Amino acid sequence: MIRSMKKHLSLLVLFVISIANSQEKNTPEKTKDTIIKTEVVKVVTSYVPKITDAFKIKQKPIIKHTKETQKKELEYKIFSVPVASTFIPKSGVMKKVDLGKREQLYPNYFSLGIGNKITPFLEAYVRRNESYDSEYGVHLKFLLSADPVEKTQLSSTYYNMNLNLFYAQQERYLNWRAGISAGRNKYNWYGLPKNITFTDATISRIEEEQAHNLFKVFGTIKFDDSYIEEANGSVSFFSDVLSSSEFLIDGNAKFKFSLDRFHRELNDLYVNTTFSYLGGKFENSYETQNELKHSFFTVGVHPSYKFLVQDLAIKIGAKSYFSLDIQNKGNNFFIYPDVEISYPIVNDFANIFVGASGDLETNTYKSLVDKNPHISPTQEVLQTNKKYNAFAGIRGKLDFQFSYNFKASYAAIENNPFISLNQSKSNGRNNAGTNAFSFLGYEYGNSFNTTYDDIKLMTFFGEIAYDGIKNLTLGVNGKFNKFTLTKEEEAWNAPKIEGELFGTYKVEKWFAGANLFFVGQRKGKLHEILPLDTFTTVDIESYFDINFNGGYHFNDSFSVFLNLNNVLNNSYQRFNNFNVQGFQAMGGLTWKFDTLF
C-alpha cells in the first residue's frame with residue numbers, strides 16, 4: 001500500500017512540472033513596465049526581555065583601539081641658536097617695612113610738673129596683680145594754681161584733687177570691678193561786675209571761696225556667655241562748703257537676646273535698661289532764705305536692632321522712660337525714636353545717613369558745676385526733655401588718607417539749661433541787706449544761675465582729618481548753632497560758632513601736639529544796681545586760644561614734657577565777667593615702671 005502511494009505521488013509531481021514548463025513556453029513576452037515585482041514583508045514582533053538576557057556593566061571596561069583610532073606619537077625638536085647677552089641676574093632682597101621701634105608698655109607711672117603762677121602738678125597710677133586673675137590699684141591727680149588771673153579784686157586761686165581706688169577680679173564666667181572715688185575741687189567767685197564800684201571794706205569782707213566734694217562707690221560686672229552682657233552701678237554723694245548736698249543712685253544693664261532661633265538670618269536684639277534716683281537740697285534760693293529741694297526717680301528701657309537690606313545699614317529702636325518727680329508729686333512717661341539708616345554711595349568713600357533720636361536727661365548739681373564751676377548753690381534742678389532730634393549727613397574717606405564727617409540736625413528741647421549772671425545784692429558799699437542777713441560770697445553779682453527755656457536748635461557740624469604723612473595726624477572741625485527761644489531773650493553764654501584745629505606728631509624720641517580752638521561771640525547780662533531789677537544784653541567777645549604740648553623720651557621709662565597754654569596771652573572771658581589767666585607754661589618729668597612692690 002505504501003509503495004502504491006509513493007508511485008501516485010511521483011506521477012503527480014511529474015504532471016505538475018510538465019504543465020508548468022508548457023505554460024512558460026507559451027506565455028507571451030510582456031513589457032518591462034508591466035512586470036509586477038515581488039516584495040518581501042518582514043513582520044517584527046515586540047521584544048519581550050527575559051532575566052537571562054541581562055548582563056553586568058563592567059566598572060573599568062577594556063577598550064581596544066583599531067589601527068585607525070590609535071593616537072600618533074608627536075615628536076618635538078628644539079633648534080638652539082646662541083644669542084649674545086650682557087644681562088646678569090641679581091639676587092632678590094626682601095623689602096623691609098619700617099615699623100619703628102616697638103615701645104615697651106608699663107602698667108604704672110609717676111608724673112610731676114611745675115608751671116608759672118606757682119602751679120604744681122602731680123599724677124600717679126599704680127596697680128598690682130595679686131594673682132593671675134585679680135588686681136588692685138590707685139590713681140591720684142592734683143593740680144594747683146595760685147591766683148593766676150591778673151587784675152582781679154578777689155582771689156582766683158583754684159585746685160583740683162582726685163583719688164580713685166579699685167579692685168578687679170576675673171571669674172570663670174564673668175569679671176567684675178569695684179572701687180571708691182573721692183575728689184575735692186576749689187574755685188573762687190572772683191568775677192565782680194564792672195559797673196559797680198566796690199569799696200575796699202566791702203571787698204575785704206567777701207568770702208569768695210567755694211569747694212565741691214565728691215564721694216562715690218561704683219562697680220561693674222561683665223558676663224562672658226549670658227543674656228546680660230554688662231551691668232553697672234554707682235552711689236555718689238556731692239556737696240559743697242555752703243551745706244548744699246546731692247545724693248545719686250545710678251545703674252544700667254545691657255541685655256543681648258539671640259533671635260536666630262526664630263530665623264537663622266536674624267541678628268541679636270540689644271536692650272539697655274537704666275534706673276536712677278536723685279535727691280538734693282540747697283540751703284536757700286538766691287532771692288529768699290527758703291530751702292530748695294529736688295528729687296527724681298527714673299527708669300528706662302532702650303531696645304535696638306541692627307540689620308542689613310542689601311547695601312542699606314538700618315538701626316531701629318526706641319527709648320522709653322517713666323519719671324517720677326517726688327518733690328512736686330508728678331509723673332511722666334516719655335518715648336523717643338532711635339532710628340538710623342545709612343547707605344554707601346561709594347563703598348568706604350561716601351556714606352549718607354539719616355535718622356531721628358531723643359532722650360531724657362536728668363540734670364544734677366554736679367553736672368551744672370562741671371559746665372560752669374562758678375554757679376551759685378541756689379539752683380533749680382529740672383529734667384531736660386529732648387523731644388526729638390532729626391539728623392542727616394555724609395561721612396567717609398578719600399584715598400584712605402582723608403576722613404570726613406558732615407552732619408546737620410534739627411532738635412526740639414524742653415527745659416534746656418542756660419547759664420546767666422546773677423544780680424548783685426550789694427551796691428558796692430554794703431555787705432548786708434535790710435533784713436540784717438549778711439551777703440554770702442556769691443551774692444555780689446559774681447555767680448551764675450541756671451535758666452531753663454524751651455528751644456528749637458538747628459546745628460551744622462563738620463570734621464576733616466588727615467593721616468597721610470608718617471607719624472603725623474591733622475584734623476579740623478567746626479560747629480554752628482542756631483537757637484530759637486520761647487521766653488528768654490538770648491541763649492545766655494552759649495556760642496553760635498565753635499571750631500578746633502588739632503594735630504599730633506611723633507618720631508622715635510620726640511613727640512608733639514597742638515590744639516587751636518575758636519569760640520564765637522556770646523550774649524550775657526549786665527544787671528543794673530539794686531533796687532532796679534533790670535538788665536541789658538552785652539556781647540561777650542569771641543576768642544582764639546592756641547595750645548602746644550611736647551616732650552622727649554630718654555628711654556622707655558623716663559621722659560620729659562612741656563605744655564604751653566594760651567600762647568597768645570589773651571585775657572578773654574570764658575564766662576561773663578570771668579577772665580582767664582594768660583600765658584601758661586608747665587614742664588615736668590614722667591617715670592614709667594613695672595612695679596614698686
Side-chain angles (χ1 to χ4, degrees), residues 187 189 191 193-194 210 212 244 246 278 280 282 285-287 292 294 296 325 358-389 409-424 442-461 479-499 517-528 533-543 572-580:
Y187 294 95
W189 293 296
K194 300 295 189 295
Q210 167 70 306
H212 303 103
S244 305
E246 188 175 64
L278 176 69
F282 301 100
S285 66
Y286 194 82
E287 293 80 11
L292 285 177
H294 57 274
F296 299 97
D325 187 348
D359 208 352
L360 178 67
E361 180 180 347
T362 302
N363 297 296
T364 66
Y365 182 31
K366 183 182 181 302
S367 67
L368 298 176
V369 168
D370 291 340
K371 294 178 182 178
N372 187 336
H374 308 294
I375 65 173
S376 62
T378 58
Q379 303 300 308
E380 182 184 12
V381 177
L382 300 177
Q383 290 181 311
T384 298
N385 177 18
K386 299 179 180 179
K387 294 181 177 180
Y388 63 84
N389 179 25
S409 63
Y410 182 79
I413 305 175
E414 187 179 64
N415 291 333
N416 185 82
F418 294 106
I419 303 298
S420 61
L421 199 64
N422 284 319
Q423 186 174 21
S424 174
Y442 57 86
E443 295 182 324
Y444 294 85
N446 54 345
S447 64
F448 294 86
N449 189 42
T450 303
T451 303
Y452 297 92
D453 195 9
D454 299 340
I455 68 169
K456 299 291 192 301
L457 175 61
M458 181 179 293
T459 303
F460 298 94
F461 173 81
K479 185 178 182 180
F480 172 78
N481 299 316
K482 179 177 174 52
F483 300 92
T484 303
L485 308 173
T486 302
K487 58 182 180 180
E488 293 294 322
E489 295 183 12
E490 298 288 347
W492 308 115
N493 285 282
K496 293 183 179 179
I497 301 176
E498 300 174 85
F517 59 89
F518 172 81
V519 175
Q521 192 178 75
R522 293 142 291 149
K523 298 294 184 179
K525 291 181 178 181
L526 179 62
H527 291 276
E528 300 294 336
D533 189 14
T534 59
F535 66 88
T536 58
T537 301
V538 296
D539 293 329
I540 306 175
E541 294 183 359
S542 59
Y543 61 88
Y572 58 83
Q573 293 184 11
R574 185 183 177 191
F575 305 106
N576 195 7
N577 291 342
F578 282 78
N579 289 18
V580 301

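Since this is a predicted model, take the numbers as computed values, not measurements.
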Quick one, [X] and [Y] - any side-chain contact, counting heavy atoms below 4.5 Å?
{"X": "Asn481", "Y": "Leu457", "value": "yes"}
{"X": "Arg522", "Y": "Pro495", "value": "yes"}
{"X": "Leu368", "Y": "Thr450", "value": "yes"}
{"X": "Tyr572", "Y": "Asn579", "value": "no"}
{"X": "Asn493", "Y": "Phe448", "value": "yes"}
{"X": "Ile375", "Y": "Val369", "value": "yes"}

Can you classify the ring geometry of [X] versus [Y] as parallel (below 30°), tilted (30 to 60°) or perpendicular (above 60°)?
{"X": "Tyr388", "Y": "Tyr410", "answer": "tilted"}
{"X": "Tyr286", "Y": "Tyr442", "answer": "tilted"}
{"X": "Trp492", "Y": "Phe535", "answer": "perpendicular"}

Are the side chain of [X] and the backbone N or O of [Y] linked by a donor-acceptor pair below 3.5 Å?
{"X": "Ser420", "Y": "Thr451", "answer": "no"}
{"X": "Asn363", "Y": "Leu382", "answer": "yes"}
{"X": "Asn372", "Y": "His374", "answer": "yes"}
{"X": "Asn449", "Y": "Asn422", "answer": "no"}
{"X": "Thr384", "Y": "Asn415", "answer": "yes"}

ask   = Considering all heavy atoms of both residues, which atom of Pro377 and which atom of Ser244 are nearest to each other, and what is their separation?
value = CB-OG, 3.3 Å
task = Flag the pair Glu246 and Lys366 as a salt bridge only when some basic side-chain nitrogen lies within less than 4.0 angstrom of an acidic carboxylate oxygen.
result =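 Here Glu246 does not pair with Lys366 in a salt bridge, since their nearest N and O are not under 4.0 Å apart.
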